[in-house]
Each structure stands twice: as structure tokens, then as C-alpha cells.
Amino acid sequence: MRTTLARALGLEVSLLQSGMGGVAGAELACAVSNAGAAGCAGGYKLVGGALSAMLRRLTAGTDRPVGVNLIPEVVGPDELDRQVAQVLDETPGRVHLSFFGMPDDAVFARVAAAGRKTVVQIGTVEDGVHAAAHGAVVVAQGTEAGGHLLGTSHRDELVAALRERLPEACLVASGGIGSPEEAGRVLAAGADGVLLGTAFVVAHESRAHARFKSAVAGADATDTVITDVYEVGWPGRRHRVLATAVTADPDQPAKFIGRTVVEGKPYLVPRFSAAVPTEATSGRIEEMALYCGRSCGAIAHEVPAAEVVAAFARVLPGAGAVKSEEKEESYAGR
Ligand SMILES: Cc1cc2nc3c(=O)[nH]c(=O)nc-3n(C[C@H](O)[C@H](O)[C@H](O)COP(=O)(O)O)c2cc1C
């Protein structure tokens, strides 16, 4: 029998906040978890003392289920092993591991042996079937999504194809979901919960630069483009961003356009950097990687993360609900 996402992860609301590197620090993750959904902190390239500092803030800031997001293809297998070991050693059992793309089978085994839950975002049916075979919550990302794209299918096509192959799996829809009404539609189409990225970029607790937040709040879906220009630090994967002077003219010189600080360490930001502008970034913010989903059309204001969770909680099932055809029809009617 299918369970809701809330039941699978011990939440009150079947909602995942994406662990967006740079944007989703411990503060956003804790605010989302404290509001009853699953917050997630972006681990991205953090290791050693910087990762430990973030994990300490994460576990001190909430006593509810929460996640840490890691990206296998960005760090490679050896660094990923170190990151996974650190998360397992330094956090309690209520912290789950969230992966963007497929980790090696040995990583699934290690996380399961530690008694932790795994969430994996995928973009193809094949990867979804593989992740489900390892007992993971499967997040199906469509090309409507902001950020890097794992496949070439639209969200609803991918959810439908996966639901057919995986009638029992816990399946979460991701990409282009900006309103509770849209969330209701994806539940009716077979998902057990939703993942939101862009909707949390504009949250008070997000670390996105203020001009990045206002650009997202003012944008429509048609202001976003799929490109491969922001490749420094994460090459070889297309991404959806707000259209910028750089996406319009990718032949500009690859010089430095800003400065930033990550966990206390200063960095220069080259043009074409994959890094998002955060509250610690200065320089030509409007030319940087402003990852943004087609969901932006439904997002108009900066609001506290708890308000985003409360708005979606109206349509998303809690832990008590067991999904049935009857329930799906009532979502569709909203
Ligand atoms: C600013 C931004 C940064 C992102 N960074 C990550 C990341 O570090 N790890 C990850 O798993 N997904 C990341 N994503 C992708 C999301 O997980 C998800 O696929 C996407 O946000 C869903 O579409 P939506 O933005 O329309 O809600 C990012 C998305 C955005 C908008």
C-alpha cells in the first residue's frame, strides 16, 4: 500500500524543501522542519570543519526530521564518501540523506545500514526504478525545475511513467510547483508529495542575495531559460535560470565579476560560475547564476518559510493519511 511522504519521513506535511547549495543553509532547513515539512540544508562542496559547523547549526535548530543534500556528480565518489560518513557520524537518526542524482550502490547500503532514510532526485524512469529498489523516496524532477536538470521529460509525464512502473513507491513531484493549486494537481496525477525549490529561494530564511530574491519574485515562467553557460564548478549539466546578459551573450570574457564568502572562507566569483549569489556575495549579481523554475510565475513576495509550508499544507496530506483514489479525487476538485 502507498504511504504519504509525510508518513514515510515522519512529517506533518508531505512537502520537501530542496537542499539548495548556498541558498538553503541550516536556518532555512530548520524553519521548514519546525513548520512540519522536511527542511534540507545544502551540503554542496562543504567538507571537514565547514560541513561540521553547518551540521551543528542544523541539529541545534530543530528536533524534527530534516535532511542534508549532497550532489554525487559535483564532488565525485571519494569526497561523497567523506561527506556521507561525516553526516552519519555527526547527526542523529532523524537526519536523512538527500541526493541530487544517483549515488553508487555502496552509498545506499551505507546509509541504510545506519538506519537513515534516503531521498533521491532523478530525471529518468530508469533512475527512479533504481532508487526505489534501494528503498529511497523518489523525487521525479521535470524540466520545469529551477537549477540543474536531471532529465529531459516534463514533470507530469515523468510522474505518470514512474507511477506505472512503481505502483507502491513513495513518489514526490518536483519542478514548476509554485502554488498549492499546482501541488493539488500533481497529487491527483499520482504523486505522494511535492518538492519545492524556487518557492523557498524567496523565503526570509533563505540565504539568496536580496536582488536574486526580488528578481525571482518579479519573474514569470517565460523569463527563465535552459542553458549550459554557468558551468564553472559544475560542468556538463544543463540548468534553468533567469535569463541574464550572460545567457544572452555567452561569448563574454571569463573574468571575475564578484566576491563571496562560504562558511567564513573568501572566494572570487568568475563569470560563468555555477555558484548562486548569496547574502555574502557582492559584485555583478544580475549576471550570476540565478537558478529559477517555471514556478516563479506563482511566487510574488518574500515570506517566512513557515508561511509557504502553511499554504501548501492546505492541500498536502499529513502522516495520518493513507492515499486512496477517493482522496486523490478530492485534491483534483480544488
Ligand atoms: C536556486 C536553486 C538551487 C538549487 N540547488 C540544488 C542543490 O544544491 N541540490 C539539489 O538537490 N537541487 C537543487 N536545486 C533543484 C531543486 O532540487 C529542484 O529540482 C527544483 O528547485 C524544483 O523546481 P522549482 O524550482 O520549480 O520548485 C536547486 C534549485 C534552485 C532554484
- Query: Looking at side-chain heavy atoms only, is the closest gap between Leu16 and Leu5 below 4.5 Å?
  - Reply: yes
- Within a strict 4.5 Å, meaning less than it, do heavy atoms of the Glu307 and His204 side chains meet? no
- Query: If you measure from the Lys or Arg side-chain nitrogens to the Asp or Glu carboxylate oxygens, is any gap between Arg165 and Glu126 under 4.0 Å?
  - Reply: no
- Answer yes or no: is there a side-chain heavy-atom contact under 4.5 Å between Tyr291 and Met20? no
- Quick one: does Arg314's side chain have a donor or acceptor within less than 3.5 Å of a partner on Pro180's backbone? no
- Note on the structure: In this structure, CZ of Arg237 is separated from CG of Asp228 (nearest 0.5 Å) by 12.5 Å
- Item | SB check Arg64 Glu12 (cutoff 4.0 Å) | yes
- Query: Can you tell me if Thr260 and Thr281 form a side-chain donor-acceptor pair at under 3.5 Å?
  - Reply: yes
- Message: Quick test of your reading of the model: are Glu279 and Arg207 salt-bridged, counting only N-O distances below 4.0 Å?
- Response: yes
- What are the two closest heavy atoms between Ile285 and His209, and how far apart are they? CD1-CD2, 3.6 Å
- Considering only heavy atoms from C-beta outward, does the side chain of Ile177 approach that of Leu196 to under 4.5 Å? yes
- Ignoring hydrogens and angles, tell me if any N or O in the side chain of Thr4 forms a donor-acceptor pair with the backbone of Gly318 under 3.5 Å. yes
- Under-4.0 Å salt bridge between Glu302 and Lys213: yes
- When you look at Ser52 and Glu90, which way does the side-chain hydrogen bond (donor to acceptor under 3.5 Å, both in side chains) test go after all the steps? CA-CA 7 Å; Ser52 294; Glu90 298 176 20; 2.8 Å; yes
- Message: Are the side chains of Arg271 and Phe256 in contact, using a 4.5 Å heavy-atom criterion?
- Response: no
- Query: So which heavy atom on Pro72 is nearest to which on Phe100, and how close?
  - Reply: CD-O, 3.4 Å
- Query: Heavy-atom distance under 4.5 Å between the side chains of Phe99 and Gln121, does that happen here?
  - Reply: no
